[in-house]
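Here the structure is laid out as structure tokens; the discussion comes afterwards.
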Amino acid sequence: MRGTPRTRRIPRPALGVLIGVTALFTAGALATPAGAAPEPGPSTGRVHSVPASAQQQARDFWTPERMRSAVPLDLLDADARSTDAAPRAGRPATVAPTAPTAGTADVGPAAFPNGGGAWTGGGAVVNTAGRVFFTYQGRTASCSGNAVTSANKSTVITAGHCVKLEGAWHTDWVFVPGYHDGQAPHGRWTATKTLSTPQWTASEDINYDVGAAVVAPLDGQRLTDVVGGQGLAFNTGYNLRMYAFGFPAAAPYDGQKFIYCSGTTNRDFLLSNDHGMGCDMTGGSSGGPWFTQFNEATGTGLQSSVNSFKYNFLPNRMYGPYFGADAQNLYQAAQSS
């Protein structure tokens, strides 16, 4: 997503264009510890380390005004990023949430299915989920992300294109859990490392659009000690009841509200092997978490995907990558950093 008011036109293949729903810079343009898993092999550009001086610069850079004015990324080209190779499978594995389990009082059940609306249920998710801000090609941009249970208590899961796009790692990367109206109630957490799957970093393969960040301690505390951490699930299969969350910033949304979608997913039958769900979230929501076994009363669940893309001819359907062996390896690499 470009940080100018003009949209860069990308040639459209016969089946259309994938819309990156998080970080496009076109205002108003539609352009989301498992034990013992092996870590990935030798890193070939899959990890970006951030010097301490750049971490402080990022924390200072993201003022309330800059966060409010950050705009969502550009259109992802389906033909260039799709693949015939399905994500590598593995054994089902889960990670338990470490978020608070207190319920929310006097709140009725949320609509299910729901194609997009403000989350009013409260619970842990309003603290673990947040906005991601970064600089991309000299322009300010936003995505969404989520804090998860991890050995280092400092791991955030987001989309691959929210950490690296068009061959370049984003800079000034911060995570703002519980964001609202330009405010950072739990602080701005700067990345010490950003990571993605080998397939995304090598060729931006849409099936593997998963990213992660390890964030530095803030005021002597680690991330999930402050906001809690959601659980994770890998190799879950398809056709699941899921909830998706994010901070869409392109019309009709403005990035200031926490939005959710819910429904029974199915497997994409066009150009990817992703989960699909009815959802009207727009640019800015990319990297936001998808949960299975989500408990509305506590706001906790098992993260099993992220907001990733849309087809231009299906504006009310969101797609998120399947969390298979490579997503699990990414998580292991992040939590052990």
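- At distances below 3.5 Å, at least one donor-acceptor pair connects side-chain atoms of Glu204 with backbone N or O atoms of Gly167.
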Next on the checklist: For Trp173 and Val132: C-alpha separation, side-chain torsions, deciding distance, then whether side-chain contact (heavy atoms from CB on, under 4.5 Å) applies.
Outcome noted: CA-CA 7 Å; Trp173 201 101; Val132 170; 3.3 Å; yes
Item to check | Test side-chain hydrogen bond (donor to acceptor under 3.5 Å, both in side chains) applied to Asn146 and Thr128, step by step | outcome: CA-CA 5 Å; Asn146 183 59; Thr128 63; 2.9 Å; yes
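- A heavy-atom distance below 4.5 Å is not found between the side chains of Lys164 and Ser196.
- Between the CZ atom in Arg188 and the CG atom in Asp60 there is a gap of 7.5 Å [rounded to 0.5 Å].
- Phe294 and Tyr260 have their aromatic ring centers separated by at least 6.0 angstrom.
- Panel note: side chain Thr135, backbone Thr140; no donor-acceptor pair is recorded below 3.5 Å.
- Considering CD of Gln55 and OG of Ser49, their distance stands at 9.5 Å, rounded to 0.5 Å.
- Considering every non-hydrogen atom in both Ala333 and Ser337, the closest pair reads O-OG, 2.7 Å.
- When the side chains of ILVMFWY residues are joined at heavy-atom separations under 4.5 Å, either directly or via intervening members, Phe175 and Val50 end up in two distinct hydrophobic clusters.
- Every residue meeting the ring-ring contact (aromatic ring centres under 6.0 Å, His included) condition with Phe247, not counting sequence neighbours, appears here in chain and number order: Phe258.
- A 4.5 Å side-chain heavy-atom check between Gln328 and Arg88 finds every atom pair outside the cut-off.
- Atom CD of Gln293 is separated from atom OG1 of Thr94 by 7.5 Å, given to the nearest 0.5 angstrom.
- To the nearest 0.5 Å, the span separating CG on Leu232 from OG1 on Thr292 amounts to 9.5 Å.
- At least one donor-acceptor pair closer than 3.5 Å links the side chain of Arg317 to the backbone N or O of Gly276.
- Looking only at distances, a side-chain donor or acceptor of Asn235 sits under 3.5 Å from a matching main-chain atom of Gly90.
- When Arg131, His180, Gln183 are each tested for a side chain to side chain contact (heavy atoms under 4.5 Å, CB included) with Gln256, only one passes: Arg131.
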Checklist entry - Hey, mind stepping through Val226 and Trp189 against side-chain contact (heavy atoms from CB on, under 4.5 Å) and telling me if it holds? => result CA-CA 11 Å; Val226 175; Trp189 299 75; 3.9 Å; yes
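- In this structure, CG in Leu218 is found 8.0 Å from OG1 in Thr190, a value given to the nearest 0.5 Å.
- Of the inter-residue distances, the one linking Ser150 atom OG with Gln332 atom CD reads 10.5 Å to the nearest 0.5 angstrom.
- With hydrogens and angles ignored, the 3.5 Å screen pairs no side-chain donor or acceptor of Lys153 with any backbone N or O of Thr224.
- Classification of the His170-Tyr136 ring pair by plane angle, with boundaries at 30° and 60°, yields perpendicular.
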Checklist entry - Do Tyr319 and Tyr311 pass the side-chain contact (heavy atoms from CB on, under 4.5 Å) test, and can you show the C-alpha distance, the side-chain angles, and the key distance before you say yes or no? => result CA-CA 9 Å; Tyr319 292 87; Tyr311 293 105; 3.6 Å; yes
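- Here the side chain of Asn316 pairs no donor or acceptor atom with the backbone of Asp280 at under 3.5 angstrom.
- Each of Cys279, Ser144, Ser285 was evaluated against Pro248; a single residue qualifies, Ser285, per the side chain to side chain contact (heavy atoms under 4.5 Å, CB included) test.
- The minimum heavy-atom distance between Ala147 and Val227, with the atom names listed, is CB-CG2, 4.1 Å.
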Next on the checklist: Does Asn207 form a side-chain contact (heavy atoms from CB on, under 4.5 Å) with Gln199? I'd like the steps, not just the answer.
Outcome noted: CA-CA 8 Å; Asn207 280 326; Gln199 297 86 351; over 6 Å; no
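- Follow the hydrophobic side-chain contacts under 4.5 Å out from Trp290 and you never reach Leu302; the two are in separate clusters.
- Proximity of a side-chain donor or acceptor of Ser262 to a complementary backbone N or O of Ala111 within less than 3.5 Å is detected.
- Nearest heavy atoms, Ala233 versus Ser304: CB-OG, 3.6 Å.
- Using a 4.5 Å heavy-atom threshold, the side chains of Phe234 and Tyr331 count as touching.
- A continuous path of ILVMFWY side-chain contacts below 4.5 Å connects Ile259 to Met318, so both sit in one hydrophobic cluster.
- Between the side chain of Thr197 and the backbone N or O of Tyr208 there is at least one donor-acceptor pair closer than 3.5 Å.
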Pairs under 3.5 angstrom only: tabulate donor-acceptor contacts from the side chains of residues 237-244 to other protein residues two or more places apart or in another chain.
{"residue": "Tyr238", "atom": "OH", "partner": "Asn273", "partner atom": "O", "Å": "2.6"}
{"residue": "Tyr243", "atom": "OH", "partner": "Glu296", "partner atom": "OE2", "Å": "2.6"}

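- Taking the side chain as every heavy atom from C-beta outward, Thr282 and Pro252 approach each other to under 4.5 Å.
- Phe133 and Tyr179 have their aromatic ring centers within a separation under 6.0 angstrom.
- Contact detail for Thr300 and Thr298: the closest heavy-atom pair is OG1-OG1, 2.7 Å.
- Distance alone, capped at 3.5 Å, places no donor-acceptor pair between the Arg46 side chain and the Pro198 backbone.
- Within the 3.5 Å criterion, the main-chain N or O of Val214 finds a donor-acceptor partner in the side chain of Thr192.
- The six-membered or imidazole ring of Phe291 lies away from that of Trp119, with a centre-to-centre distance of 6.0 Å or more.
- For the ring pair (Phe, Tyr, Trp, His ring centres under 6.0 Å) with His275, the lone residue among Phe269, Tyr322, Phe309 that qualifies is Tyr322.
- Considering only heavy atoms from C-beta on, Cys261 comes within 4.5 Å of Met277 through its side chain.
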In a table with atom names and distances, give each donor-acceptor pair under 3.5 Å that connects a side chain of residues 61-68 to protein atoms at least two apart or in another chain.
{"residue": "Trp62", "atom": "NE1", "partner": "Asp172", "partner atom": "O", "Å": "2.7"}
{"residue": "Thr63", "atom": "OG1", "partner": "Glu65", "partner atom": "OE1", "Å": "3.4"}
{"residue": "Thr63", "atom": "OG1", "partner": "Arg66", "partner atom": "N", "Å": "3.2"}
{"residue": "Arg66", "atom": "NH1", "partner": "Phe61", "partner atom": "O", "Å": "2.8"}
{"residue": "Arg68", "atom": "NE", "partner": "Asp181", "partner atom": "O", "Å": "3.3"}
{"residue": "Arg68", "atom": "NH2", "partner": "Asp181", "partner atom": "O", "Å": "3.2"}

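- In plain terms, the two heavy atoms of Pro217 and Arg59 that are nearest each other are O-NH2, 4.2 Å.
- Using a 30° and 60° split on the angle between ring planes, Trp169 and His48 fall in the parallel class, below 30°.
- In terms of heavy atoms, Ser272 sits closest to Ile206 at CB-CG2, 4.2 Å.
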